[in-house]
There are 2 protein chains.
Amino acid sequence: MRDIARHAGVSPMTVSRALRQPSKVSEEMRRKVDAAVREFGYLPNRIAGSLSSSRSNVVGLVVPSIRNSLYASMIQAASDVLRANGLHLMIADSGHRLEDEEALVSAFLAQRVCGLILHNTVHSKRVRKLVEASGVPVIETGNLPDDPLDMAVSYSNFDAARAMTLHLARLGYRRIGFVTLPVRDNDRSEERRRGYFAALAELGRPVDDTLVLEAAGGFSEGADALVRLVNAHPDLDAGFFAGEVLAVGALFECQRRGWAVPGRIAIASFDDVDLLRHAVPSVTTLRIPRPEIGRRSAELLVRRLQGAPAERLKVDLGFEIVQRESS
Amino acid sequence: MRDIARHAGVSPMTVSRALRQPSKVSEEMRRKVDAAVREFGYLPNRIAGSLSSSRSNVVGLVVPSIRNSLYASMIQAASDVLRANGLHLMIADSGHRLEDEEALVSAFLAQRVCGLILHNTVHSKRVRKLVEASGVPVIETGNLPDDPLDMAVSYSNFDAARAMTLHLARLGYRRIGFVTLPVRDNDRSEERRRGYFAALAELGRPVDDTLVLEAAGGFSEGADALVRLVNAHPDLDAGFFAGEVLAVGALFECQRRGWAVPGRIAIASFDDVDLLRHAVPSVTTLRIPRPEIGRRSAELLVRRLQGAPAERLKVDLGFEIVQRESS
DNA sequence: CGTTTTTCTGGTATCGCTACCAGCATATGA
DNA sequence: TCATATGCTGGTAGCGATACCAGAAAAACG
């Protein structure tokens, strides 16, 4: 920058201003600076800028798994909004492990991110302390926490699972099995299971633990779970899966076995991915507004960075039942 | 850090050393520093550290689309390796636009990343200049460029598409259609198409442009393309799709229309995602070593950052044909 | 035992930028 | 007309760490 200033015949301060707040600088200076910048291909050092102004333009994001396409659509939307506001995204995955989340949060804070998005609402004590001490705005997402760290943008896993179960009952299904994703350290899975049970209770149906199976997320796990459920309960007429991969795995298994869907058994899923819409038969599911969650999260962060007052808030973006051929 | 030093009764320098190279500091000092650090919950400011040492621990990654799960498995693998080496990942997507890539690369360089991974091998002139001027190690991936910027880790799209086409021919298919992804500004798609044509030429078959359709990546685009190909060529007995979503979309369309796969028409795809393995019928495809690409890219970067000499290199990680039920 | 080497610690000077204040010109008001 | 406001520009002093060098203390050596 020193060089640019010398070659433009102005002071370094003027260069800095010309680049960041062109309006504060006269037309002539701006021209001279721009010319010098172009001539030397100067790239301002944002590290120095951040240090000096103690303001960074990087947002940290922790998701349970980068591989999962559900997070991808949220990440994409958040990324777009942030980029439009001159911010960048640092992404890491916790592998669903609380201790990894802790390490990542502290690394991000050491990196002096200007905001955090955590796709998780259950945190270790140290995470809560670190975040609080840092004063950095934080978004939690993926579930609606009772006691948010700062801001939360999500939908209710409980409500969604409950609504789908009631929906299946309303369609006339009498024996509905539920396949959950692993619930350890995962309040989202736990809430979904609770929602399912709550619906059964409301319907006055017996709560039968053997109607629920836990499965890791994978096509064969879904297939396997369905088969086990049907074997245990020959009268099972609907399967509700907590993840779209499980559901499609089950659907494929039905095709292999020649079980009519929904004639022999109905299938319902969580999350509205393209695959479910195009599968044969198309699959009934819950539309979770992933992109909106990403967008809204980013917007709230941006607003806060622009000086909006810090206030704890929970934004519930809801969900929608998408009734399709499979039920 | 000043505070920590005061409270530990040592100089700031000693604190810095105790944290970064504990071996260079006496047992006693280390204990005092650690105690103070824990007491105050001190997090070193990496921004300041980076500025001072002109060394950062952030790697920039540009993919065409964050949403695409293919990139996700590569990102995950890269992220794991980098994290194990104390590096972080800053991710952005170019939306397949060269001008966006340019903006991102310059933003990353301004951020003083210590390395770059670009999932793309066609760059604007300014990108080449910026990267060269910065001296930052770069990995290009997604294709094997003729003239790599620095290091390239990939497979050959040309070879892969050619091999699959030959494979289908060897299985006895006489009229093989090809559905390509958009080729504009995308050398990967272009290479795949070239590979398909090269195979046909080798087989002594007429090169018929009407056997090739371009489709945006989506289930319905795949379905639509297949139908159009079959309508134009009633004798079409195999469809080779440049993307797994296209292939599955086509497969679903066959199910809807009652076309036996592979009896009426065979289907082959690019990339070995779980979906293709579990679909009914399972889909013949090309296994591209995405995780290996991510891992290897990260390893090369790390090695370079540890002082390995800069040398241009191209690593071809190959591919594999996975023959399944659909062909 | 003196001297050289090794190990450890602390001071000082940046790293490249921005905040903040001071100064000068020009515009605005009475 | 002078006084006050306004707009631009430049100087100085950090931001919070590390690099580098210089001592002091301890260890190793002949």
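The figures here come from the full heavy-atom set of this structure, side chains too, leaving out hydrogens, waters and symmetry mates. All figures in this text were calculated on a predicted structure; none of them were measured in a lab. A note on names: the letters A, B, ... follow the listed sequences, proteins ahead of strands, and every chain is numbered from 1.
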Fill in: From B/Val81, B/Leu313, B/Ile117, residue fulfilling side-chain contact (heavy atoms from CB on, under 4.5 Å) relative to B/Leu300
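So, applying the side-chain contact (heavy atoms from CB on, under 4.5 Å) to B/Leu300 and each of B/Val81, B/Leu313, B/Ile117, only B/Leu313 qualifies.
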Worksheet item: Is the shortest distance from a Lys or Arg side-chain nitrogen in A/Arg6 or A/Asp3 to a carboxylate oxygen in the other one below 4.0 Å?
Response: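 Salt bridge flag = yes for A/Asp3 with A/Arg6.
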Discussion item. Between A/Glu27 and A/Arg30 (salt bridge meaning N to carboxylate O under 4.0 Å), is one present in this structure?
Written reply: yes
Item to complete: May I ask you to test the B/Pro289-B/Arg296 pair for a side-chain heavy-atom distance under 4.5 Å?
Response: no
Discussion item. So B/Glu140 and B/Asp150, do their side chains get closer than 4.5 Å, heavy atoms only?
Written reply: no
For DNA chain D, which residues of [range] approach it to below 4.0 angstrom with any heavy atom?
{"range": "residues 43-60 of chain B", "value": "B/Pro44, B/Asn45, B/Ala48, B/Gly49, B/Leu51, B/Ser52, B/Ser53, B/Arg55"}
{"range": "residues 5-16 of chain A", "value": "A/Val10, A/Ser11, A/Met13, A/Thr14"}
{"range": "residues 17-33 of chain B", "value": "B/Arg20"}

Item to complete: Might you point out which heavy atoms bring A/Asp316 and A/Ser156 nearest each other, and give the distance in Å?
Response: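 In terms of heavy atoms, the two residues are closest at OD1-N, 4.1 Å.
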Return yes if some donor-acceptor pair links the side-chain N/O of [X] with the main-chain N/O of [Y] below 3.5 Å, else return no.
{"X": "B/Arg83", "Y": "A/Asp93", "answer": "yes"}
{"X": "A/Ser16", "Y": "A/Pro12", "answer": "no"}
{"X": "B/Ser56", "Y": "B/Ser50", "answer": "no"}

Discussion item. Applying salt bridge (Lys or Arg N to Asp or Glu O under 4.0 Å), can you list everything that pairs with A/Arg128, at least two apart in sequence or on another chain?
Written reply: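 Partners of A/Arg128 by the salt bridge (Lys or Arg N to Asp or Glu O under 4.0 Å) criterion, ordered by chain and then number, come out as A/Asp147.
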Worksheet entry | side chain to side chain contact (heavy atoms under 4.5 Å, CB included) between A/Leu61 and A/Met74, intermediate numbers included | CA-CA 11 Å; A/Leu61 170 65; A/Met74 178 220 144; 4.1 Å; yes
Worksheet item: Taking 5' to 3' order, which nucleotide of DNA chain C is first and which is last to have an atom within less than 4.0 Å of a heavy atom in chain B?
Response: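 First-to-last contact on DNA chain C, by the 4.0 Å heavy-atom rule, is C/dC8 to C/dG16.
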Discussion item. Could you work out, with ring pair (Phe, Tyr, Trp, His ring centres under 6.0 Å) as the rule, every residue matching A/Tyr155, not counting sequence neighbours?
Written reply: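 Here no residue qualifies.
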Discussion item. For a quick test of reading the model: is some side-chain N or O of B/Tyr42 closer than 4.0 Å to OP1 or OP2 of D/dA17?
Written reply: yes
